[in-house]
K.L.:
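Could you have a look at this structure, given as C-alpha cells, before my questions?
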Amino acid sequence: MRVLLAGGAGYVGAHTAIALIEAGHEAVLLDDLTNTSGLVTERIARITGGRAPLVAGSAAHVDDVERAFAEHGPFDSIMHFAAKKAVGESVEKPLDYYANNLDTTYALLRVGIANGIRSFIFSSTGTVYSDPADLPFTEEATRNLVDLSNPYSKSKLMNEVVLADVQKVNPGLNITLLRYFNPVGAHESGLVGEDPKGTPNNLMPFVARVAVGALPEVGIFGDDYDTPDGTGQRDYIHVVDLAEGHVAALEKAQPGLAAYNLGTGIPVSVRELVASFERAVGHELPKSVKPRRAGDLAATYCDPSKAEHELGWKATRTLDDMTRDVWNWQQKNPGGYEG
Ligand code: UD1
C-alpha cells in the first residue's frame, strides 16, 4: 500500500517509514522539518535500499497536503505523526498546541477523504488515561477531558473525538487510534534515532546525554512513590516495535473506528532503566535523587492484549534492547543528525 506519513521525518515517523518499506509498502513523508532534519530521508534510504520521498511542507496547510497528493498520490492511507508533543511547553503555549494538533488533522482529513483514502492512522497517547485506579490501562479506561492535566494530552483526546465523528459519516473509512506509551530506543543500525533539540525533558534521551558526558548527572525525580523501588514506573516501548504496530494496523484496517494501546504492558522504574543503560555503557552513571516532578503519576502502563488479539502485533524488544540501541545511536550521532 501507498502511505502518506505526515510528520514522517520525525522520530516515530521515520522508524515507521522504514518498517513500511521493509514490509513492501511505499512511504512518502510530508514534514515541515521544524523538529527534525532533512537528512532523515538519506538515512532511511541507506537502511532500506528504498526511497521515502520528502515533501517539505506543513500538514496543517491544506495547500501543502494537496501538493503531496498531486505529486505523489494517490494514497491508500494517511498516518498522522505531525504534532507538538512537549507537555510542559503545552501548558505555556496552549493555543499553539490546540491550533497545530487540530489543524493538521483537519487538513489531512479534508484532503485525504476528498482523495479516497481508505485508512487514517492517528498517533494518540497513553496520557489520555488519567486514573491510577484503572491500571493497567485498557482501551476502555475512563477518560474525561477535564481530568487531563495539560493541553498536549487534551489536544490528543480532542482529536480522538473529532476522528470518531468523522468516521460516523464516512462508514467505509478506517480510523485507527494508536495510543503510544513511552517510545524509546533507536534503529539498531544507529542511523536513525531520537534527536531532541536542547536539553531533553524525557528520561531516556537525558540518560543518553549523561552517558556521553554532555550532561553531568541523571536526576531521579522522586524515590518515595508507592512503587517497588520508590521511583516512577513507565511502559517503555522500543520505537521499532511501535513502528511495526503501525504496519500491523495498516494491514489489518477494516472500515470502522478502533483504538489500540501500543506498549509492552511491563512497568519499568527509573532506577531499572538507568541500571539497564549502565549495563549497555559498561559502567555506572552519575545520578542523584531530586524532588518529584510536578504532574507525574507514580506509574503508567497498559494492557496491550487488544492489539495482540486484533492486529496480531506484540512488542518483542526488551529494555536492554532499548538502552543498547539508544547508546549505539548516541555514540554514532553525539550531536544528532546534523552533528
Ligand atoms: C512524558 C510525557 C508524555 C509523553 C511521554 C512520551 C510528561 C509529564 N509526560 O511522559 O505526555 O507521552 O513523555 O515518552 O512530560 N524522570 C526522571 N528524571 C528525568 C526525566 C524523567 O526521573 O530527568 C522520570 C519521570 O519522573 C518519570 C519517568 O522518568 O517517572 C519517565 O519520564 P519521561 O521520560 O519524561 O516520560 P513521562 O513523564 O512518562
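Atoms within each ligand, like the ligands themselves, are counted from 1 in listed order.
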K.L.:
Under a 4.0 Å heavy-atom limit, does Leu203 contact ligand 1 with its side chain, its backbone, both, or neither?
P.N.:
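Both parts.
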K.L.:
Return the closest protein heavy atom for atom 26 (O) of ligand 1 as residue, atom name and distance.
P.N.:
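Minimum-distance protein heavy atom for atom 26 (O) of ligand 1 reads Asp296 OD2, 2.6 Å.
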K.L.:
If the cut-off is 4.0 Å to any non-hydrogen atom of Thr125, which atoms of ligand 1 fall inside it?
P.N.:
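With Thr125 as reference, the close atoms of ligand 1 come out as 12 (O).
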K.L.:
Going by the atom numbers of ligand 1, which of them fall below 4.0 Å from some non-hydrogen atom of Pro183?
P.N.:
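Near Pro183, meaning under 4.0 Å from one of its heavy atoms, ligand 1 has 14 (O).
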K.L.:
Just to verify, which of Tyr180, Tyr260, Trp313 counts as forming a ring pair (Phe, Tyr, Trp, His ring centres under 6.0 Å) with His246?
P.N.:
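Running ring pair (Phe, Tyr, Trp, His ring centres under 6.0 Å) over Tyr180, Tyr260, Trp313 with His246 returns exactly one hit, Tyr180.
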K.L.:
Judged by modelled atom types alone, do Asp325 and His238 share a side-chain donor-acceptor pair under 3.5 Å?
P.N.:
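The answer is yes; a qualifying pair exists.
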K.L.:
Can you list the atoms of ligand 1 that are under 4.0 Å from a heavy atom of Gly219?
P.N.:
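Those of ligand 1 that fall under 4.0 Å from Gly219 are 17 (C), 18 (N), 19 (C), 22 (O), 23 (O).
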K.L.:
For atom 4 (C) of ligand 1, is there a protein heavy atom at a distance under 4.0 Å?
P.N.:
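There is no protein heavy atom less than 4.0 Å from atom 4 (C) of ligand 1.
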K.L.:
Looking only at protein heavy atoms, identify the closest one to atom 9 (N) of ligand 1 and say how far it is in Å.
P.N.:
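Residue, atom and distance for the closest contact: Val87 CG2, 3.4 Å.
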K.L.:
Run the numbers for me: atoms of ligand 1, each under 4.0 Å from some heavy atom of Asn201, listed by number.
P.N.:
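Contacts of ligand 1 toward Asn201, numbered from 1: 20 (C), 35 (O).
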K.L.:
Quick check on contacts: which atoms of ligand 1 are under 4.0 angstrom from a heavy atom of Ile220?
P.N.:
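Near Ile220, the atoms of ligand 1 are 22 (O).
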K.L.:
Can you tell me if Gly295 contacts ligand 1 (heavy atom of the residue under 4.0 Å from the ligand)?
P.N.:
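Not so, Gly295 does not reach ligand 1.
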K.L.:
What residue and heavy atom of the protein are closest to atom 31 (C) of ligand 1, and at what distance?
P.N.:
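Going atom by atom, the protein heavy atom closest to atom 31 (C) of ligand 1 ends up being Tyr236 OH, 3.3 Å.
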